[in-house]
Amino acid sequence: MFVVSNFLLAVAKVLQVFIYFELVCVILSAILSWITPYHYYPFRQFVDGVSAIILKPLRRIIPPIGPIDITPMIAILVLTFLDIFAVRTLTDLAVMLR
């Protein structure tokens, strides 16, 4: 059972790293959206592309409130929930199987 336990622990850690990376990209994308002249720089396009993984589906569901886009805030809440629920559940399950 230690193989399954180690696999679940590895999946939890990789998921946690992805969630943190996505969280940083969402925050950077929101901050960089205030700076319009730098829209075509490769770094900005990379950050926007990575953050679009979670922001694009949320924008289809959540309508904009006037000129304010609240999808980055909702994305941060969703990513935090996934970190607390999914990652900790996988980690606890891996510890129980050990």
Side-chain angles (χ1 to χ4, degrees):
M1 288 305 255
F2 72 92
V3 174
V4 175
S5 172
N6 289 340
F7 177 74
L8 288 176
L9 191 60
V11 168
K13 292 300 178 185
V14 169
L15 182 62
Q16 187 176 35
V17 168
F18 174 75
I19 288 172
Y20 287 161
F21 182 70
E22 187 73 25
L23 192 62
V24 168
C25 286
V26 166
I27 292 169
L28 278 175
S29 176
I31 291 171
L32 290 175
S33 70
W34 298 335
I35 306 170
T36 55
Y38 303 110
H39 186 68
Y40 296 106
Y41 282 169
F43 176 72
R44 169 98 186 257
Q45 290 177 348
F46 173 75
V47 169
D48 287 344
V50 172
S51 65
I53 294 171
I54 193 166
L55 291 178
K56 195 171 184 179
L58 285 176
R59 284 190 176 126
R60 278 188 243 138
I61 298 169
I62 303 167
I65 301 173
I68 299 172
D69 185 17
I70 62 167
T71 52
M73 185 175 64
I74 302 296
I76 290 170
L77 293 174
V78 167
L79 289 170
T80 303
F81 174 79
L82 284 175
D83 181 39
I84 292 171
F85 180 72
V87 173
R88 289 188 187 175
T89 301
L90 286 173
T91 303
D92 290 344
L93 187 61
V95 169
M96 284 179 24
L97 289 176
R98 194 166 275 240

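Predicted model, so just to flag it, every value in this text is computed and none were measured.
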Give a yes or no on whether [X] and [Y] share a hydrophobic cluster (residues Ile, Leu, Val, Met, Phe, Trp, Tyr; joining criterion: side-chain heavy atoms under 4.5 Å apart).
X	Y	value
Leu28	Ile74	no
Ile61	Val78	yes
Ile84	Met96	no
Ile54	Phe46	no
Val24	Val47	yes

Residues forming a ring pair (Phe, Tyr, Trp, His ring centres under 6.0 Å) with Tyr41, sequence neighbours excluded: Tyr38

All ring pair (Phe, Tyr, Trp, His ring centres under 6.0 Å) counterparts of Phe81, not counting sequence neighbours: Phe85

Residues in salt bridge (Lys or Arg N to Asp or Glu O under 4.0 Å) contact with Asp48, at least two apart in sequence or another chain: Arg44

By salt bridge (Lys or Arg N to Asp or Glu O under 4.0 Å) - contacts of Asp92 (at least two apart): none

Heavy-atom check, side chain of Thr91 versus side chain of Leu9, under 4.5 Å: yes

Pairs involving residues 66-75, ordered by first then second residue, that meet salt bridge (charged side-chain N to carboxylate O under 4.0 Å, His left out) (sequence neighbours left out): Arg59-Asp69

Selection residues 17-33 - residue pairs positive for salt bridge (charged side-chain N to carboxylate O under 4.0 Å, His left out), sequence neighbours left out: none

Contacts under 3.5 angstrom, residues 13-20 side chains, donor-acceptor by atom type, not counting sequence neighbours:
| residue | atom | partner | partner atom | Å |
| --- | --- | --- | --- | --- |
| Gln16 | NE2 | Tyr20 | OH | 3.2 |
| Tyr20 | OH | Asp83 | OD2 | 3.3 |

Heavy-atom neighbours of Ile35 CD1 exceed 12 at 6.0 Å: yes

List in chain and number order the residues that pass side-chain contact (heavy atoms from CB on, under 4.5 Å) with [X], two or more places apart in sequence or in another chain; answer none if no residue qualifies.
X	answer
Phe7	Val11
Ile76	Leu23, Val26, Ile27, Thr80
Ala30	Pro72

Nearest-0.5 Å distance that lies between atom OG in Ser51 and atom CG in Leu58: 11.0 Å

Test side chain to side chain donor-acceptor pair (under 3.5 Å) applied to Arg98 - qualifying residues, sequence neighbours left out: Asn6

Residues clustering with Val3 (ILVMFWY side chains joined when closer than 4.5 Å, directly or via others): Phe2

